[in-house]
Amino acid sequence: LLTDAARLVRRYRPVPKFPALRRDICVVVDGSVTWAELRAVASAAAGDLPESIGFLSEYRSDQIGPGKKSIAFSVTYRAQDRTLTGEEADRAVADVAKAIKEQLGAQLRT
């Protein structure tokens with residue numbers, strides 16, 4: 001079964017010419033919100049710059065509130081044609097934060 005499912009074609013990606021910027025985001029959401037839902041909203045809101053969006057952690061505590069959880073994730077941004085500025089990444093993070101607040105009722109943790 002594993003041999004039949006294996007992809008034996010080598011994939012090549014050139015080494016990026018420009019550096020990436022990584023931003024970590026931590027939000028408080030209802031306990032019913034899944035990582036898949038959060039990732040989908042973040043991905044749609046992030047535009048063309050994100051290279052990856054990755055899960056970091058989930059935390060539940062009475063300090064956060066009953067029925068709530070904190071999810072931390074990272075977004076790595078990279079432009080193929082130039083070096084990104086911190087301001088560009090900050091605007092992209094603000095777009096992600098706004099979308100997850102509007103669509104999932106998330107609150108940004110600081």
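Nothing here was measured: the structure is a model prediction, and the numbers come from that model. Position 1 is the first residue of the sequence; numbering continues from there. Just so it is clear, the values below take in all heavy atoms, side chains as well, and ignore hydrogens, waters and symmetry mates.
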Peer 1: Among pairs that include at least one residue of residues 85-110, which meet ring pair (Phe, Tyr, Trp, His ring centres under 6.0 Å), considering only residues two or more places apart or in two chains?
Peer 2: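 Of all non-adjacent pairs touching residues 85-110, none passes ring pair (Phe, Tyr, Trp, His ring centres under 6.0 Å).
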Peer 1: Hey, could you give me each pair passing ring pair (Phe, Tyr, Trp, His ring centres under 6.0 Å) that has a residue in residues 91-110? Not counting sequence neighbours.
Peer 2: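 Output for this query is empty, none listed.
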Peer 1: Looking only at heavy atoms, what is the nearest atom pair of Ala79 and Leu49, with distance?
Peer 2: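 Heavy-atom minimum between the residues: CB-CD2, 4.3 Å.
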Peer 1: Excluding sequence neighbours, so at least two apart, what forms side-chain contact (heavy atoms from CB on, under 4.5 Å) with Ala94?
Peer 2: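 side-chain contact (heavy atoms from CB on, under 4.5 Å) list for Ala94, sorted by chain: empty.
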Peer 1: Tell me which pairs pass side-chain hydrogen bond (donor to acceptor under 3.5 Å, both in side chains) where either residue lies in residues 18-30, with sequence neighbours left out.
Peer 2: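 Listed by first then second residue: Arg22-Asp24, Arg23-Asp90, Asp30-Lys68.
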Peer 1: Nearest 0.5 Å please: distance from the CZ atom of Phe73 over to the OG atom of Ser52.
Peer 2: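 The distance works out to 12.0 Å.
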Peer 1: Would you mind writing out the side-chain donor-acceptor pairs for residues 35-48 within the sub-3.5 Å range, not counting sequence neighbours?
Peer 2:
residue: Glu37; atom: OE1; partner: Thr34; partner atom: N; Å: 2.8
residue: Glu37; atom: OE1; partner: Thr34; partner atom: OG1; Å: 3.4
residue: Arg39; atom: NE; partner: Ile53; partner atom: O; Å: 3.4

Peer 1: Can you pull out every ring pair (Phe, Tyr, Trp, His ring centres under 6.0 Å) where at least one residue sits in residues 80-110? Sequence neighbours excluded, please.
Peer 2: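 Qualifying pairs: none.
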Peer 1: Which hydrophobic side chains are connected to Val28, either touching it within the sub-4.5 Å cutoff or through other members that do?
Peer 2: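 Traced through the cluster, Val28 reaches Tyr59, Ile64.
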Peer 1: Who are the side-chain contact (heavy atoms from CB on, under 4.5 Å) partners of Arg60, not counting sequence neighbours?
Peer 2: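 For Arg60, the residues satisfying side-chain contact (heavy atoms from CB on, under 4.5 Å) (neighbours in sequence not counted) are Glu58, Lys69.
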Peer 1: Among all residues two or more places apart in sequence or in another chain, which pass the side-chain contact (heavy atoms from CB on, under 4.5 Å) test with Glu102?
Peer 2: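 Checked Glu102 against side-chain contact (heavy atoms from CB on, under 4.5 Å); matches are Lys98.
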Peer 1: Residues in side-chain contact (heavy atoms from CB on, under 4.5 Å) with Leu108, at least two apart?
Peer 2: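 Ile25, Val27, Ala97.
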Peer 1: In chain order, what residues pass the side-chain hydrogen bond (donor to acceptor under 3.5 Å, both in side chains) check against Arg82, with sequence neighbours excluded?
Peer 2: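 Glu88.
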Peer 1: Which pairs pass ring pair (Phe, Tyr, Trp, His ring centres under 6.0 Å) with one or both residues in residues 7-33, sequence neighbours excluded?
Peer 2: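 Every candidate ring pair (Phe, Tyr, Trp, His ring centres under 6.0 Å) pair involving residues 7-33 fails, so no pair, neighbours aside, qualifies.
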